[in-house]
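To start, the structure under review is shown below, and the notes come after it.
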Amino acid sequence: MIMMSTRQWALTGLGVAILMVLPLLLHNFWLVNIMGRAMVYGVVALSLTFLAHYGGFISLAQTMVAGIAGYAVAMMAPTAIPLSTMAMPYALAIPLAVLAATLAGALVGLIAVNTREIYLLMITLALAVGFSLFAQSNITWFRGYEGIRNIVGPEVFGLPFRTPMVFYYSALIVAVLMYLLVLYVVRTPFGLVLQAIRDSNRRTAAIGFNVALHRIAAFALAGFIAGWGGVLITFYNIGITPSSIGLWATVAVLIMAVIGGLGHPLGAFIGALIYALMDTFASTIIGHDRFNTLIGLVFLSIVLLSPDGVWGIGERLKATLQGKGSKPAVEEAAGNETADRGS
Amino acid sequence: MAEPFDFSQAPEALVLTGVSRRFGALKAVSDVTLTIRQGERRAILGPNGAGKTTLFNTICGDYPPTAGQITFFGTDITRLRVHRRARLGIGRTYQSSLLFSGLSVLENLYLAVRAASAGRFSLRKAGPADPDVARARELAGRVRVSGFLDTRIDAISHGQRRQVEIGMALAGNPKLLMLDEPAAGLSAAERPELIALLAGLPRELTLVLIEHDMDVALSNADMVTVMKDGLVVVEAPPAQIADDPVVQSIYLGDPH
């Protein structure tokens with residue numbers, strides 16, 4: 001019912017236009033290793049933000065779901081080393097990998113269907129860690145610790161996928177489409193029901209919605225989004241290993257989403273960009289083995305000073321400039337569901 | 001307030017047989033048996049902790065009974081899930097307003113309409129011509145919140161929220177409407193609005209009302225059930241309730 005305002009559309013259009021001409025201005029390193037990387041990891045963070053902001057589900061399984069798409073595309077890739085018996089063209093392998101992630105997302109949603117808050121966090125974390133350990137120990141399919149190499153991606157218009165322009169624009173197209181998909185879905189009846197579940201799942205059921213079905217569908221959609229990210233991340237890394245879907249990778253995506261701000265889908269990309277910048281330049285500032293200390297400190301200060309992330313800081317600055325003191329989204333969202341026990 | 005209405009021949013809307021609900025060692029509702037016929041206005045009275053809201057929760061399914069049976073127009077709903085019961089025609093409000101606080105008034109009502117429609121699960125955005133949006137606007141008029149359609153729930157007053165609650169409970173055209181203390185926390189100015197709203201409900205709608213305020217409860221009811229400690233202690237027409245020695249002991253003995 002509520003549409004994006006004309007101003008929001010204009011801003012989105014302007015942002016996309018700037019990103020479109022960025023290759024004219026940026027060095028290839030910035031184009032691929034900062035912007036491209038931020039966009040592909042941002043897509044996975046976006047799937048987390050979608051679940052967290054609109055459904056109220058903080059899932060730590062999104063990196064795992066992206067990893068399932070990554071492993072699926074790697075197992076089916078025609079260039080894989082070692083090559084599997086089910087190798088097929090990328091044109092087939094990519095959609096199948098995204099489908100696998102969608103189904104995996106639905107399965108995570110099904111397993112966690114009755115859990116909330118800290119229990120949801122724990123169950124999704126357990127699934128993520130369990131899956132990465134399984135991938136590490138399984139040789140037949142997952143090739144164990146070594147993983148699967150040489151996943152270079154398809155050729156686009158005769159150019160290798162690793163060509164900076166090809167990778168950048170592919171990442172941009174996927175990121176913009178996934179971002180618009182989220183903005184669209186949250187205004188549909190399905191998206192409104194998710195927000196209703198976030199605000200009061202009891203009431204949502206009491207008016208006649210099947211809460212479980214909507215939750216599973218939300219996780220499936222988040223799986224679809226994360227799957228696209230997972231495929232592109234695998235091309236970016238030219239392969240996949242268990243460590244790229246392990247505990248640290250899981251935490252990294254959570255950090256991106258939180259630093260950027262869980263209050264808006266754009267926060268995922270802002271967070272992924274900040275993470276990519278810090279990961280790349282931390283070594284020149286304080287030495288690479290201090291990266292975790294640096295990102296930890298940034299994470300801590302964000303959580304303490306602006307729980308709704310960089311996006312929230314921007315929103316508050318805007319409100320201050322406009323002279324209205326608005327409260328951050330996180331505060332508003334907190335603690336809506338009050339207990340309603342026997343009278 | 002309730003007009004004379006002979007519901008003794010009307011079909012049985014809601015039948016509870018030996019319904020109990022335990023929370024661990026606590027028996028919040030204990031062996032409740034009652035029959036409410038279609039079109040009846042039933043008030044449930046009782047001190048705090050009597051089990052009134054828990055009784056509601058067993059009926060709507062939030063906390064299904066641990067013993068006993070519930071039938072709704074002849075259908076056994078004892079083990080049915082919450083949304084299934086809602087679709088059969090059970091609408092309710094909650095004691096503490098559990099509305100969708102991040103959404104607008106119109107969106108809250110729209111979802112309630114949508115939940116009762118065939119297009120419950122949809123990825124198509126609602127256009128301005130969507131009949132469900134029109135119905136939501138009409139509901140907003142009925143519960144007198146038309147002036148706040150695009151306002152977020154957390155920005156309207158408590159009284160208006162209670163009106164939205166009733167609008168949402170009515171959205172699915174329920175056969176049974178259960179209101180949990182609809183007058184609680186309302187200002188003197190808001191009370192008449194609510195009473196007018198209740199008086200305007202169609203007569204064939206079955207209404208169960210939990211109310212602390214005896215005057216509000218008695219003026220709206222055909223029949224009164226009094227609960228204490230999870231048990232039904234009195235069931236009588238409103239005229240006999242005020243003089244009932246058990247009711248007097250409950251209300252005078254517990255200055256609440």
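Convention: sequence-line order gives letters A, B, ...; per-chain numbering from 1. Note that the structure is a prediction, hence the values are computed from the model and not measured.
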Given heavy-atom pairs under 4.5 angstrom as the criterion, report whether the side chain, backbone, both or neither of [X] touches chain A.
X        : value
Ile90(B) : backbone
Ala28(B) : neither
Arg81(B) : side chain

Should we say atom CZ of Arg84(B) is surrounded by more than 12 heavy atoms from elsewhere, each under 6.0 Å from it?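 No.
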
Heavy atoms from other residues, nucleotides or ligands near OH of Tyr184(A) exceed 12 (cutoff 6.0 Å):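 Atom OH in Tyr184(A) is crowded, with more than 12 foreign heavy atoms closer than 6.0 Å.
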
Would you say [X] and [Y] make side-chain contact, with heavy atoms under 4.5 Å?
X         : Y         : answer
Tyr94(B)  : Ser200(A) : no
Asn210(A) : Arg87(B)  : yes
Ile207(A) : Phe100(B) : yes

Donor-acceptor contacts under 3.5 Å from residues 167-176 of chain B side chains, at least two apart:
residue   : atom : partner   : partner atom : Å
Asn173(B) : OD1  : Arg135(B) : NH2          : 3.2

Considering all heavy atoms, the nearest [X]-[Y] contact:
X         : Y         : answer
Ala205(A) : Ala86(B)  : O-CB, 3.9 Å
Asp199(A) : Gly102(B) : OD2-N, 2.7 Å
Arg203(A) : Thr93(B)  : NH1-CA, 4.4 Å

Hydrogens and angles aside, do Arg202(A) and Asn57(B) bring a side-chain donor and acceptor to less than 3.5 Å of each other?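 Yes, Asn57(B) and Arg202(A) have a side-chain donor paired with an acceptor closer than 3.5 Å.
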
Looking at chain A, which one of Leu103(B), Leu88(B), Val113(B), Val29(B) has the largest number of heavy-atom pairs inside 4.5 Å, strictly under?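 Ranked by contacts with chain A, first place is Leu103(B).
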
